[in-house]
Amino acid sequence: MSSEDSGAVSRDRRRHSTHIRSIIVGGTLPVAIGLAATLLMASWIPELPDPIAVHWSGAGPDGFGPAVPYLFMPLAFVVVYSVFAVMMSWKTTPSGSLASGQKLVLVAGVWMSTMLGIGIGGSVEFQRGLSDAKDAPDVGITLAIGGGVGLVVAAVAWFLLPPADEAQPSGAVPKSVDLRGGERLSWSHSTRFGNGTMAILGVVIALTAGIAIFAAMSSRPAAGVAIVALAVVAVSVVSMSLWRVSADHRGFIVRGAMGWPSKRILLADIRTVQVLDVHPMRDFGGYGWRWSGGGRSGVILRTGPGIEITSSRGKRFVVTVDDAETGAGVIAAVLKKQTSRAE
């Protein structure tokens, strides 16, 4: 077996091991913690008042509702998040490992399930034997303990995953578009999240709407907070899911569907342009407007081709978009024309 074949076999084995660890840490462990907490709380239902306290303020319980939705909603969140985390970590780095952003997404599920299990479990345990949920004590301590224990468990889970690989993809210099005489080039293209990501965002909005409805049934103040949260999520999804990317003699412009957020890089500030293949979780740890190490940021919406602009200060900005070769070629052409004029 040649050294090249041996290296490929080694990478395949490492990738298989990474997938197994990702499933255990990001999927099995959080769901097991959430399921154990839910089953324990369900065993307490005969001892709980009806309705139970589901929301607290500084003055004590101020929201009440049926026990079953309150007990099972955290598990639903954990299951949905775990599926998302494992999916987002499935595309490994070229070496067969995970980027630090992927590891963070996986262990966040462990933290969340532990925090919810202890925090909500404690709030329910405090109500066992009460005839009226209004007498339930404050639950801030259980949430604090849950968050702290969750951090410890997540830290342990971090080291159960393979070491992070921060290797960044290399790009290719695009072919410059032909530019003659006084012609002016202009390129514009829309880009959006892939269908899978849009489906996940739809689930997030649906879950947020469910929380808002549940809160409205239990407390007016809680309902107001939940409705505001739903509005923020909806507006964020609309503004961040569709973008317009433009390249011309002025430079490079990326603008959200609602006109904000936006990024403008003037032609005079552009040092180089490249086309590269982008994998959101592996290269940026997620989707949307992202930041990564080494002064690198971008609008990352899907797996596939992207344009990378390096500024005169060494900062790199990436946007995933179809027909990236043409867009980068336009920037290369106007940069070339600008250089020839300077000479």
Side-chain angles (χ1 to χ4, degrees), residues 11 13-41 71-126 138-168 200 204 207 279-297 300:
R11 285 192 297 272
R13 288 176 178 173
R14 190 180 301 115
R15 185 173 294 109
H16 178 70
S17 174
T18 297
H19 286 162
I20 296 299
R21 294 195 204 184
S22 297
I23 292 172
I24 292 173
V25 172
T28 305
L29 184 56
V31 172
I33 293 172
L35 182 60
T38 300
L39 292 176
L40 179 61
M41 290 186 290
L71 304 188
F72 282 87
M73 189 175 293
L75 178 60
F77 273 111
V78 170
V79 170
V80 171
Y81 183 86
S82 295
V83 172
F84 164 79
V86 173
M87 288 175 58
M88 294 301 100
S89 66
W90 205 251
K91 183 67 177 181
T92 65
T93 63
S95 68
S97 189
L98 297 170
S100 58
Q102 291 174 301
K103 292 183 64 173
L104 184 62
V105 169
L106 290 168
V107 301
V110 178
W111 173 83
M112 180 175 66
S113 63
T114 304
M115 185 272 292
L116 292 176
I118 295 176
I120 293 181
S123 73
V124 175
E125 200 279 335
F126 285 169
D138 186 72
V139 296
I141 186 64
T142 66
L143 294 173
I145 292 174
V149 174
L151 287 176
V152 174
V153 178
V156 173
W158 177 276
F159 292 102
L160 295 177
L161 294 168
D165 179 4
E166 300 301 340
Q168 296 181 347
I200 292 172
V204 171
L207 288 174
H279 295 276
M281 290 305 304
R282 184 192 72 187
D283 302 335
F284 286 88
Y287 292 75
W289 194 301
R290 308 296 298 181
W291 288 264
S292 65
R296 201 160 179 252
S297 62
I300 311 301

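Values in this document were obtained by computation on a predicted structure and should not be read as measured data.
- Summarising the geometry, atom OG1 belonging to Thr114 is positioned 3.5 Å from atom CD1 belonging to Ile33; distances are rounded to the nearest 0.5 Å.
- Between Trp90 and Ile23 there is a side-chain heavy-atom pair separated by less than 4.5 Å.
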Using the rule given for side-chain contact (heavy atoms from CB on, under 4.5 Å), can you reason through Met88 versus Tyr287, listing the C-alpha separation, both sets of side-chain angles and the distance that settles it, and then say yes or no? CA-CA 10 Å; Met88 294 301 100; Tyr287 292 75; 3.2 Å; yes
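- Counting only heavy atoms from C-beta outward, the side chains of Thr93 and Asp283 never approach each other to under 4.5 Å.
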What do the steps show when you test Lys103 against Val25 for side-chain contact (heavy atoms from CB on, under 4.5 Å), and what is the final call? CA-CA 9 Å; Lys103 292 183 64 173; Val25 172; over 6 Å; no
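- Residues Val79 and Ser82 have side chains not in contact (no heavy-atom distance under 4.5 Å, counting atoms from C-beta outward).
- Between Ile120 and Ser123, the shortest heavy-atom contact is O-OG, 2.7 Å.
- Expressed to the nearest 0.5 Å, how far NE2 of His19 lies from CG of Leu98 amounts to 8.0 Å.
- Considering all non-hydrogen atoms of both residues, Gly96 and Thr18 come closest at O-OG1, 2.7 Å.
- When all heavy atoms of Met115 and Leu143 are compared, the pair lying nearest together is CG-O, 4.4 Å.
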Which side-chain N or O atoms in residues 150-162 pair as donor and acceptor under 3.5 Å with protein atoms at least two apart or in another chain?
none

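- The closest side-chain heavy-atom distance from Val31 to Ser113 is not below 4.5 Å.
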Go through Val105 and Tyr81 one step at a time and tell me if the side-chain contact (heavy atoms from CB on, under 4.5 Å) criterion holds. CA-CA 9 Å; Val105 169; Tyr81 183 86; 3.6 Å; yes
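- Between Thr38 atom OG1 and Leu75 atom CG the span is 4.0 Å, to the nearest 0.5 Å.
- Gly122 approaches Thr142 most closely through the heavy-atom pair CA-CG2, 3.8 Å.
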Which is it for Arg296 and Phe284 under the side-chain contact (heavy atoms from CB on, under 4.5 Å) test, yes or no, and what are the steps along the way? CA-CA 9 Å; Arg296 201 160 179 252; Phe284 286 88; 3.5 Å; yes
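- Closest non-hydrogen pair, Gln102 versus Lys91, comes out as NE2-O, 2.8 Å.
- Here the CD1 atom belonging to Ile300 is positioned 9.0 Å from the CZ atom belonging to Arg290, to the nearest 0.5 angstrom.
- The shortest heavy-atom contact between Trp111 and Gly147 is NE1-O, 3.2 Å.
- With hydrogens and angles ignored, the 3.5 Å screen pairs a side-chain donor or acceptor of Ser97 with a backbone N or O of Pro163.
- Atom CZ in Arg14 sits 5.5 Å away from atom OG in Ser95 (nearest 0.5 Å).
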